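See below for the structure under consideration.
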Amino acid sequence: MENILDLSLDELKSWMELHNEKAFRAKQVNDWIYKGVFDFFDMKNIPKSTTEKLSDNFYIGIPKVIKRLDSKYGDTSKFLFEYNDGNVIECVIMKYDYGNSICVSTQIGCRMGCSFCASTIGGRIRDLTAGEILAEVLEAQKEIGERISNIVLMGSGEPLDNYDNVIKFIKLVNDKQGLNIGQRHITLSTCGIVPKIYDLIKEDFQITLAISLHAPNDNLRRKIMPVANKYSINEIITACNSYSEITKRRVTFEYSLVKDVNDSAENAKELSNLLKGMLCHVNIIPVNSVKETSYEKPSKNTIEDFSKILSRAGIENTVRKEMGSDINAACGQLRRNYLNQSDEKRC
Ligand code: SAH
């Protein structure tokens with residue numbers, strides 16, 4: 001049995017034709033799914049013989065909602081989803097003035113090993129397929145009863161470590177006959193797998209590329225991000241310059257600010273020098289402390305000072321507005337807590 005969400009419209013059309021069905025049935029089936037109808041037999045305009053054929057060959061891979069948390073501030077909802085193999089992922093919806101944005105997970109766990117991140121603690125279990133990532137959007141959209149207009153690939157997992165599935169996912173959500181989410185409304189965040197950034201350039205997308213930089217030099221970066229042993233900051237910056245040259249898109253640099261680790265005035269100055277003249281934006285993220293690590297947020301003053309140093313050097317930056325801190329909205333934390341609880345129950 002195959003997950004029908006893994007198929008593009010064209011692939012489903014070909015399947016229909018191959019199975020002596022009219023190609024237009026593919027669009028009808030997709031329309032139902034995108035409307036939130038996740039059972040073939042509830043699709044009113046599809047003949048029974050067709051739905052029987054579909055259900056013999058496909059399932060609609062929507063995960064089960066095992067937890068939903070709504071922030072008391074009304075701006076964030078977080079979901080724990082369970083796939084049919086029992087694996088659990090999380091995704092977050094953030095409500096902004098410009099629309100609803102979803103932060104999706106791309107892998108179950110992560111193997112990148114960043115020292116401040118909860119997603120990587122148990123390693124990578126497996127990749128999510130394109131359809132499984134799409135299912136996060138479809139189910140979350142149904143849950144909130146509103147359209148999702150923006151996607152950030154910033155949940156658990158490293159998108160460029162699951163390249164083919166992630167690219168297919170972007171094409172699926174971007175499809176005008178599907179969810180029709182504009183490429184400029186999609187952001188892909190990576191810890192900086194350089195060869196894959198060049199592959200991404202070749203896709204000729206208009207998505208925003210975000211780089212998890214978190215340090216202004218390789219020495220410091222290696223201490224907090226193992227991937228820095230493989231690719232240098234210079235290589236990353238060169239790849240980013242190519243990305244913005246070819247796509248004309250501004251690159252975002254994420255900088256998780258950790259008390260006494262990467263938050264000094266010296267660090268801010270070094271970062272400013274590194275990024276001077278680039279078409280970029282720095283997103284300063286005061287670190288969310290994770291139970292398993294000892295990292296803490298810097299003081300409000302330190303955060304403001306860091307931002308001011310960048311601004312004075314002409315580097316555009318924003319301090320990420322904290323949303324959903326009451327519901328463990330940071331990367332991988334809800335899943336981590338859930339797995340910890342299950343472990344405790346097992347003991
Ligand atoms: N693997 C991808 C995307 C997932 S992480 C990447 O590295 O970009 C999304 C962002 O959240 C990254 O910038 C990551 O470094 C950051 N992040 C992870 N854990 C965090 C924490 N505890 N506090 C603040 N930012 C965190």
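As the structure lists them, so they are numbered: ligands from 1, and atoms in each ligand from 1. Predicted model only: the values in this text are computed from it and were never measured.
At a 4.0 Å heavy-atom cut-off, ligand 1 touches Val290 through the side chain alone.
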Derivation of the side chain to side chain contact (heavy atoms under 4.5 Å, CB included) call for Asn283 and Thr318: CA-CA 5 Å; Asn283 201 349; Thr318 39; 4.0 Å; yes

Side chain to side chain contact (heavy atoms under 4.5 Å, CB included) between Trp15 and Asn57, worked out: CA-CA 10 Å; Trp15 186 91; Asn57 288 278; 3.5 Å; yes

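Using a non-hydrogen distance threshold of 4.0 Å, Gly192 does not register as a contact of ligand 1.
Heavy-atom proximity to Gly157, at under 4.0 Å, picks out these atoms of ligand 1: 1 (N), 2 (C), 3 (C), 4 (C). Ligand-side atoms of ligand 1 in range of Glu254: 10 (C), 12 (C), 13 (O), range being under 4.0 angstrom from any heavy atom. Those atoms of ligand 1 with a heavy atom of Cys191 less than 4.0 angstrom away are 6 (C), 7 (O), 8 (O). Here is the list of ligand 1 atoms found below 4.0 Å of a heavy atom in Gly155: 4 (C). Residue contact check: His214 has heavy atoms under 4.0 Å from atoms 13 (O), 14 (C), 15 (O) of ligand 1. When each atom of ligand 1 is checked for a heavy atom of Cys117 under 4.0 Å away, the hits are 18 (C), 19 (N).
Looking at ligand 1, you'll find an N or O of Phe116 within less than 3.5 Å of one of its N or O atoms.
The neighbour count for Glu245 CD, taken as heavy atoms of other residues, nucleotides or ligands under 6.0 Å away, does not exceed 12.
Using a cutoff of 4.0 Å between basic side-chain nitrogens and carboxylate oxygens, Asp31 and Lys27 are scored as salt-bridged.
Residue Phe253 holds its CZ atom at 13.5 Å from CG of Asn317, rounded to the nearest 0.5 Å.
Between Tyr295 and Phe116, the angle of the ring planes lies from 30° to 60°, which puts this pair in the tilted group.
Proximity of Ile102 to Asn100: side-chain heavy atoms (C-beta onward) are nowhere separated by under 4.5 Å.
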